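First up is the structure itself, then whatever we jot down about it.
Order of the sequence lines sets the chain letters (A, B, ...), proteins ahead of strands, with each chain counted from 1. Remember, it's a predicted structure, so these values are computed and weren't measured experimentally.
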There are 2 protein chains.
Amino acid sequence: MATIKDIASYCNVAVSTVSRVLNNHPDVSADTREKVLEAARRLHYVPNNSARDLALQQTDSIGLVVRGAENPFFMPIIRAVEKSCEEKGYTMVLHQISADADEVEEGARLVTSKRLKGLILLGGRYDYTHEDASAFGAPFVCCTYTNHFGDLDLDAYSSVSIDDKAEACRAVKMLIDKGHTKIAILLDAARDRSVSERRFRGYCEALAEAGIPLDEGLVCETVDDDMESALERIESLIVERPDITAIFAITDTLAIAAMKAVDNAGRSIPSDISIISIGGIAMSLCTTPTLTTLAQPQALIGEKAVEILVDVLEKAAPNSHIRLETTLRPGGTVGQVHSGDLA
Amino acid sequence: MATIKDIASYCNVAVSTVSRVLNNHPDVSADTREKVLEAARRLHYVPNNSARDLALQQTDSIGLVVRGAENPFFMPIIRAVEKSCEEKGYTMVLHQISADADEVEEGARLVTSKRLKGLILLGGRYDYTHEDASAFGAPFVCCTYTNHFGDLDLDAYSSVSIDDKAEACRAVKMLIDKGHTKIAILLDAARDRSVSERRFRGYCEALAEAGIPLDEGLVCETVDDDMESALERIESLIVERPDITAIFAITDTLAIAAMKAVDNAGRSIPSDISIISIGGIAMSLCTTPTLTTLAQPQALIGEKAVEILVDVLEKAAPNSHIRLETTLRPGGTVGQVHSGDLA
DNA sequence: AACGTTACTGGAAACGTTTCCAAAAATATG
DNA sequence: CATATTTTTGGAAACGTTTCCAGTAACGTT
């Protein structure tokens with residue numbers, strides 16, 4: 001493995017000169033530059049990142065902390081993050097955390113132990129503070145809607161996300177427009193300060209606008225990272241509340257579990273029960289009937305997250321918050337409310 | 001950020017002593033050890049990996065190269081790999097490659113540029129050579145069945161996998177036992193030298209044993225990383241060959257696409273067409289009917305892969321090949337062949 | 001021709017570890 | 001108690017970069 005020193009002695013120049021060439025520093029003559037590059041090629045020089053990082057007191061690693069990565073929804077995002085990192089010369093370090101882990105604590109540990117330059121958070125909260133930001137000790141981007149909250153420290157970090165509340169509201173309204181009033185909502189994990197909570201708010205808003213009172217019995221919380229338990233939980237909801245005519249699932253995964261649960265209960269979709277969700281995973285194209293979902297631009301989320309982070313890192317750009325939109329992917333799971341239920 | 005030097009001056013000992021304590025070297029007295037550890041705690045010492053790696057001329061990174069990571073099947077494996085790496089003090093570096101990329105080339109590039117200590121391959125070929133192994137420049141474990149081929153260099157690398165051929169044979173036999181003879185097979189990507197090919201061989205073997213001739217018209221190759229095109233491809237198969245009564249899909253994802261295709265064609269499962277696959281993804285519990293599949297021990301694959309690799313790395317253990325078994329997850333997609341089709 | 005610029009280059013220190021070797025201290029042996 | 005042995009410690013070099021500072025060379029300007 002050739003080193004800079006090897007190149008230097010090979011070319012009869014100083015180590016510092018070689019380093020300058022390799023880093024495209026301006027103060028070096030054209031012919032020595034050529035000579036050095038030629039030698040580097042000839043000797044198959046590969047830079048030693050450890051040494052570089054040590055000298056520069058840095059790393060080229062960006063951490064991707066994801067909660068609930070078994071959710072297929074995240075995979076395209078992870079892929080996009082990795083690809084974008086690669087393109088910009090960074091290394092993505094993936095770290096999955098369990099549902100009940102504290103992402104700030106884990107993230108902070110990661111940043112110091114792996115000397116990460118920045119962090120991207122998937123599936124975390126929406127309300128980080130300056131305190132959290134300084135706990136991390138590195139800039140971070142969270143992929144959860146964070147804007148428009150008066151009490152948040154929006155300049156402490158960046159975010160890339162859809163407007164969870166608005167999109168949820170949109171989804172539920174589509175059900176209401178079809179005449180549904182008994183609309184259940186499927187939430188994952190703790191509702192508190194998460195995507196779950198924002199979408200729940202959207203659900204509430206849509207109901208409120210339509211003058212439908214919130215029925216706590218229609219609110220169903222499950223644990224997302226376990227399909228079986230989710231299924232169980234939804235099944236009992238459907239049995240307990242036979243008056244349900246529609247379900248809004250906050251993720252495709254939950255929607256798919258719900259479809260199964262509905263089927264298990266001997267009801268059919270969409271004639272008995274309509275289902276809509278937010279997500280856009282590939283698998284939802286293959287349910288029967290095809291799942292009606294508000295599809296998020298998954299790859300774009302990943303790309304934008306890296307873009308923002310790198311700007312903050314390299315250009316000292318201010319933190320920013322990007323809002324993306326979903327696109328309705330019409331399927332066959334939403335129908336007019338059954339006439340018998342209207343009575 | 002406290003360094004070893006800080007600890008040394010704080011304790012009035014030499015830098016080398018501190019290093020020894022931190023690395024659990026034996027030659028250090030109990031009380032200095034205690035004193036140093038106390039100081040380390042007090043000063044919030046975090047080791048600098050770059051420096052460590054530089055001195056040791058190594059990295060603690062293990063590369064996970066995965067082809068087709070959009071397949072939800074891989075996610076639990078990825079997670080297990082990350083977890084195991086963490087536990088053993090390594091960092092997993094995930095790298096996704098496209099369907100047509102050469103994993104040896106990509107892997108080799110990765111090993112030098114990121115100075116990886118070892119490699120784990122997901123979704124690659126089954127027939128690596130000594131040449132490939134030395135191209136990598138680091139030990140590697142592939143998660144594809146590799147054993148029992150006379151012409152392979154089995155001591156050049158390790159593997160962890162189910163016996164693809166045997167398991168495929170088992171699956172197809174289950175269909176044959178139900179009276180099916182017109183059994184289609186769904187393969188992803190290029191059949192050549194991949195999991196796909198091994199499972200195809202199992203399919204052939206089962207047919208041969210039952211005296212059923214291979215019908216090339218029942219062999220359907222798709223591209224796995226695109227649900228839509230897979231769906232399309234399978235739909236036309238079903239239309240072209242209305243005599244099909246059963247489908248063996250080599251992955252759950254393909255099976256789910258097939259279920260949709262069958263439904264689109266107005267046929268029903270399992271009364272018209274039976275489906276079985278190899279996989280075990282969580283989502284397959286939520287299809288209607290529930291997918292009958294031979295479930296792989298996903299987490300175990302990841303754990304074992306890391307275990308083997310670390311043994312090779314740390315204890316210079318010889319390369320080894322681990323075979324795991326699937327467990328039948330009975331669903332509702334396999335039924336007796338329809339009497340009308342028996343004629 | 002002397003000088004001041006500018007363009008380029010080399011030397012050396014620094015980054016935070018590990019590890020070899022030698023020295024010092026502690027302990028055992030006669 | 002002197003010596004031999006073992007245990008524990010310190011000093012210094014090394015890992016491969018980057019970068020600051022000083023120095024040389026080339027060049028134009030008066």
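- The six-membered or imidazole ring of Tyr128(B) lies near that of Tyr157(B), with a centre-to-centre distance under 6.0 Å.
- Counting any heavy atom pair closer than 4.0 Å across all strands shown, Val18(A) reaches no nucleic acid atom.
- Between the side chain of Arg115(B) and the main chain of Ser50(A), no donor-acceptor pair closer than 3.5 Å is present.
- Taken to the nearest 0.5 Å, the NZ atom of Lys114(A) stands 8.0 Å off from the OG atom of Ser61(B).
- The structure places CG of Asp132(A) at 6.5 Å from CZ of Phe140(A), a figure rounded to the nearest 0.5 Å.
- Residue contacts for Asn23(B): at a heavy-atom cut-off of 4.0 Å it reaches the sugar-phosphate backbone alone, with no base atom in range.
- Contacts between chain B and DNA chain C, taken as any atom within less than 4.0 angstrom of a protein heavy atom, begin and end at dG16(C) to dC20(C).
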Below 3.5 Å is the cut-off: list the nitrogen or oxygen pairs between protein and nucleotides 7-10 of chain D, distance only.
from    : atom 1 : to       : atom 2 : distance (Å)
dT9(D)  : OP1    : Ser29(B) : OG     : 3.1
dT9(D)  : OP1    : Thr32(B) : OG1    : 3.3
dT9(D)  : OP2    : Ser29(B) : N      : 3.1
dT9(D)  : OP2    : Thr32(B) : OG1    : 3.2
dG10(D) : OP2    : Ala14(B) : N      : 2.7
dG10(D) : OP2    : Thr17(B) : OG1    : 3.0
dG10(D) : N7     : Ser16(B) : OG     : 3.2
dG10(D) : N7     : Arg20(B) : NH2    : 3.1
dG10(D) : O6     : Arg20(B) : NH1    : 3.4

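- Base engagement by Ser19(A) is indicated by at least one non-hydrogen atom pair under 4.0 Å involving a base atom.
- Nucleic acid contact class of Leu56(A) (heavy atoms, under 4.0 Å, all strands): sugar-phosphate only.
- Proximity of a side-chain donor or acceptor of Arg67(A) to a complementary backbone N or O of Ala99(A) within less than 3.5 Å is detected.
- When the shell of 6.0 Å around CZ of Arg42(A) is examined, it contains 12 or fewer heavy atoms from other residues, nucleotides or ligands.
- Residue-level contact check: Ile4(B) touches the backbone only, with heavy atoms under 4.0 Å from sugar-phosphate atoms and none from bases.
- In this structure, the side chain of Asn23(A) does not engage the main chain of His25(A) through any donor-acceptor pair within 3.5 Å.
- Other residues, nucleotides and ligands contribute at most 12 non-hydrogen atoms within 6.0 Å of the CD atom of Glu105(A).
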